[in-house]
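Nothing here was measured: the structure is a model prediction, and the numbers come from that model. Each chain gets a letter, A, B and so on, in the order the sequences are listed, and its residues count up from 1.
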2 protein chains.
Amino acid sequence: MEQLLSNIRIQINENLYIKDPESSNLGSQIVTQGIELIKEIGFEQFTFKKLAKRIQSTESSIYRYFENKHKFLLYITSLYWSYMEYRLVIATNSIQDCTQKLMKAIEIVTGTPENLSLSLAINQLALREIVIEEFTKAYHNKAVDDENKKGFFQVYKRLVFRLVEMIQHVNKDYLYPRSLASSVIDGALHQHYLAMHFQNITDCDSEEKTCQFFKNIVSNQLNLATNEFN
Amino acid sequence: MEQLLSNIRIQINENLYIKDPESSNLGSQIVTQGIELIKEIGFEQFTFKKLAKRIQSTESSIYRYFENKHKFLLYITSLYWSYMEYRLVIATNSIQDCTQKLMKAIEIVTGTPENLSLSLAINQLALREIVIEEFTKAYHNKAVDDENKKGFFQVYKRLVFRLVEMIQHVNKDYLYPRSLASSVIDGALHQHYLAMHFQNITDCDSEEKTCQFFKNIVSNQLNLATNEFN
DNA sequence: ACAAATTTAATAGTATTACTATCAAAAAAA
DNA sequence: TTTTTTTGATAGTAATACTATTAAATTTGT
């Protein structure tokens, strides 16, 4: 799997950057160090000026790669969801049994990524933390509809669609396959966030429990398509 | 219920404001018009300067009530969760059967509030929209732990606790009562947001479906405490 | 009704943010 | 080695997120 991925180029929506950051050393510095910096100080406190100082470059140079920090966040979170999608496909592709396939998918989607060797030397764990802490801000804004039209959330949605398909494959009569899929992906992020900051409103104090919680919900939902409270 | 609530004063954490906005006309203008303005232009674009202009007052006057716009957001979302808690208690208190009580609670928590007559003439629907669009930003920040210690999220957590108790009352052996409760409350907001901006990754195109989706999950989870994928 | 206290308005000012513009130096490509 | 592209250095602007000061208006106590 490592070899496989190290040769893979992740395609990110072209409108998220001005100049492809993978095309130069400065560009990849911006991405890798930008991730580290956001993880350290949070997206709110993050500025291109601070990043420029850290990589010993200038604000104006960074602006030649990214229009603003919002698009930078969209760029790096798209990277994350791309890696996630890739991992999902690799891990589930060979599984025949559709239920097992779905369960594997939930493991991938709710779990911590291994730090894979990729084209860019990105700190995957830092990136994951950023997604947990900040991704929600990337799509909660007044321009969502416009940005959505431009395909800025394509990768994320494609991941949800993959889960939806797996769910439908297990039980084609289930009434809420899309809500269930989006709930698992967003819910996992939320439970991880709670585990870090609001321990008393979650039971997910370990990776395994988080995974179990969602596997439990999904399998229950799909085995029992109807319930007594309709 | 309307009479009941019109006499009720909602207590909000004192550190969220400098001067109690309910203590003066200007204060309530700040709150009611602030809610309208945030709904219209979004929290990102919202500034005290713009609000001052709208209520024909000044920036400095608003700063005498709230330290900054982040605390203002925490204040109004606390108001929302307080109303929600109040509605929950009123609606479920008299129900004897614990399963029915829980189902009623889910209806309240996932549904749209009626526009109740309260001490402050707040646009409840606008406030709900704000919570759906912006609440996640209120607790996704680098100061969460500190703010959590100061009790800024007390009301929200208390609401979750109430749901947790109801869940445990229905099935005391269920392994994830807290994760389930927090998932319902946060998940409902998320599904509502998707319904507005990402229709293709949700099945919740109506209030009823959203409610059904979560009732379905909760009842399934509590009737079947174990599952075959352990 | 009047003085005292409190609240608000008006104005000014500061540091930081989020950019844009220009031009020269450095590096890469032809 | 010349041309093109990329980067660095510097400067500048409008807006944001505040703080401070003082005068005017309003409220309160007696």
Side-chain angles (χ1 to χ4, degrees), chain A residues 14-34 37-38 40-76 120 134 137-138 141-143 146-147 152, chain B residues 14-34 37-38 40-76 120 134 137-138 141-143 146-147 152:
Chain A
E14 286 187 351
N15 295 309
L16 286 180
Y17 52 83
I18 296 168
K19 191 181 159 174
D20 186 0
E22 292 203 47
S23 72
S24 75
N25 187 261
L26 180 63
S28 41
Q29 278 284 96
I30 291 171
V31 173
T32 56
Q33 293 302 307
L37 187 54
I38 292 177
E40 284 169 26
I41 64 177
F43 185 65
E44 258 59 62
Q45 309 305 315
F46 171 81
T47 66
F48 282 170
K49 198 171 193 173
K50 290 178 187 170
L51 177 56
K53 198 180 171 190
R54 175 189 262 249
I55 63 176
Q56 297 187 113
S57 180
T58 56
E59 233 184 324
S60 52
S61 297
I62 297 174
Y63 274 108
R64 252 176 242 115
Y65 285 84
F66 293 98
E67 221 178 300
N68 51 51
K69 71 175 189 170
H70 172 64
K71 288 206 174 167
F72 182 68
L73 180 62
L74 287 174
Y75 180 87
I76 61 172
L120 271 155
E134 326 279 5
K137 295 171 197 167
N141 74 82
K142 278 280 162 184
D146 184 49
E147 295 184 350
F152 292 178
Chain B
E14 285 186 351
N15 295 309
L16 286 179
Y17 52 81
I18 296 168
K19 191 182 158 174
D20 186 359
E22 293 204 46
S23 72
S24 76
N25 186 262
L26 179 63
S28 41
Q29 279 284 96
I30 291 169
V31 173
T32 56
Q33 293 302 307
L37 187 55
I38 292 177
E40 284 168 25
I41 64 177
F43 184 66
E44 259 58 63
Q45 309 305 315
F46 171 81
T47 66
F48 282 170
K49 198 171 191 172
K50 290 176 187 169
L51 176 55
K53 199 180 170 190
R54 175 189 261 249
I55 62 176
Q56 296 186 117
S57 178
T58 58
E59 232 185 326
S60 52
S61 297
I62 297 175
Y63 274 108
R64 244 174 256 114
Y65 285 85
F66 293 99
E67 220 178 301
N68 52 51
K69 73 175 188 170
H70 172 64
K71 287 206 175 169
F72 182 68
L73 180 62
L74 287 174
Y75 180 88
I76 63 173
L120 270 155
E134 325 280 5
K137 295 171 198 166
N141 74 82
K142 276 281 162 183
D146 183 50
E147 294 184 350
F152 292 179

### Query
In chain order, what residues pass the ring-ring contact (aromatic ring centres under 6.0 Å, His included) check against B:Tyr65, with sequence neighbours excluded?
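Once residues adjacent in sequence are excluded, B:Tyr65 has no partner under the ring-ring contact (aromatic ring centres under 6.0 Å, His included) criterion.
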
### Those residues that, when tested against B:Phe152, pass ring-ring contact (aromatic ring centres under 6.0 Å, His included) (two or more places apart)
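Once residues adjacent in sequence are excluded, B:Phe152 has no partner under the ring-ring contact (aromatic ring centres under 6.0 Å, His included) criterion.
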
Expressed in angstrom and rounded to an integer, what is the separation of [X] atom [atom1] from [N] atom [atom2]?
| X | N | atom1 | atom2 | value |
| --- | --- | --- | --- | --- |
| B:Tyr65 | C:dA9 | OH | C1' | 13 Å |
| B:Tyr17 | C:dT7 | OH | P | 14 Å |
| B:Ile62 | C:dT7 | CD1 | P | 17 Å |

### Query
Are any of the side-chain nitrogens in B:Arg54 or B:Glu40 under 4.0 Å away from the carboxylate oxygens of its partner?
yes

### Query
Given B:Arg64 and B:Ile18, is the side-chain contact (heavy atoms from CB on, under 4.5 Å) satisfied, shown in steps?
CA-CA 6 Å; B:Arg64 244 174 256 114; B:Ile18 296 168; 6.0 Å; no

### Message
Once salt bridge (charged side-chain N to carboxylate O under 4.0 Å, His left out) is applied, do any residues pair with B:Glu59, and if so which ones, sequence neighbours excluded?
### Response
none

### Outermost nucleotides of DNA chain D that come under 4.0 Å of a non-hydrogen atom of chain A
D:dT6 to D:dT10

### Task
Step through the shown structure and confirm whether more than 12 heavy atoms of other residues, nucleotides or ligands are within 6.0 Å of NZ on B:Lys49.
no

### Task
Would you check if B:Leu51 and B:Ile38 make a side-chain contact, meaning some heavy-atom pair closer than 4.5 Å?
no

### Query
Counting just side-chain N and O atoms, does B:Ser57 come under 4.0 Å of either OP1 or OP2 of C:dA9?
yes

### Message
Students often mix this up, so state it plainly: with edges at 30° and 60°, are the rings of A:Phe72 and A:Phe46 parallel, tilted or perpendicular?
### Response
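Rings of A:Phe72 and A:Phe46: parallel, under 30°.
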
## Note on the structure
A correct 5'-to-3' footprint of nucleotides 14-30 of chain C, with B, S and - meaning base, sugar-phosphate only and no protein heavy atom under 4.0 Å, is ----BBBB---------

### Query
In which stems does DNA chain D show up, taking only runs of three or more Watson-Crick or G-U wobble pairs whose two distances fall under 3.5 Å?
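C:1-30 with D:1-30 - these are the stems of 3 or more pairs that involve DNA chain D.
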
### Query
Step by step, would you call B:Thr32 with B:Gln29 a side-chain contact (heavy atoms from CB on, under 4.5 Å)?
CA-CA 5 Å; B:Thr32 56; B:Gln29 279 284 96; 4.1 Å; yes

### Message
Under a 3.5 Å threshold, yes or no: a donor from one side chain and an acceptor from the other, between A:His70 and A:Glu147?
### Response
yes

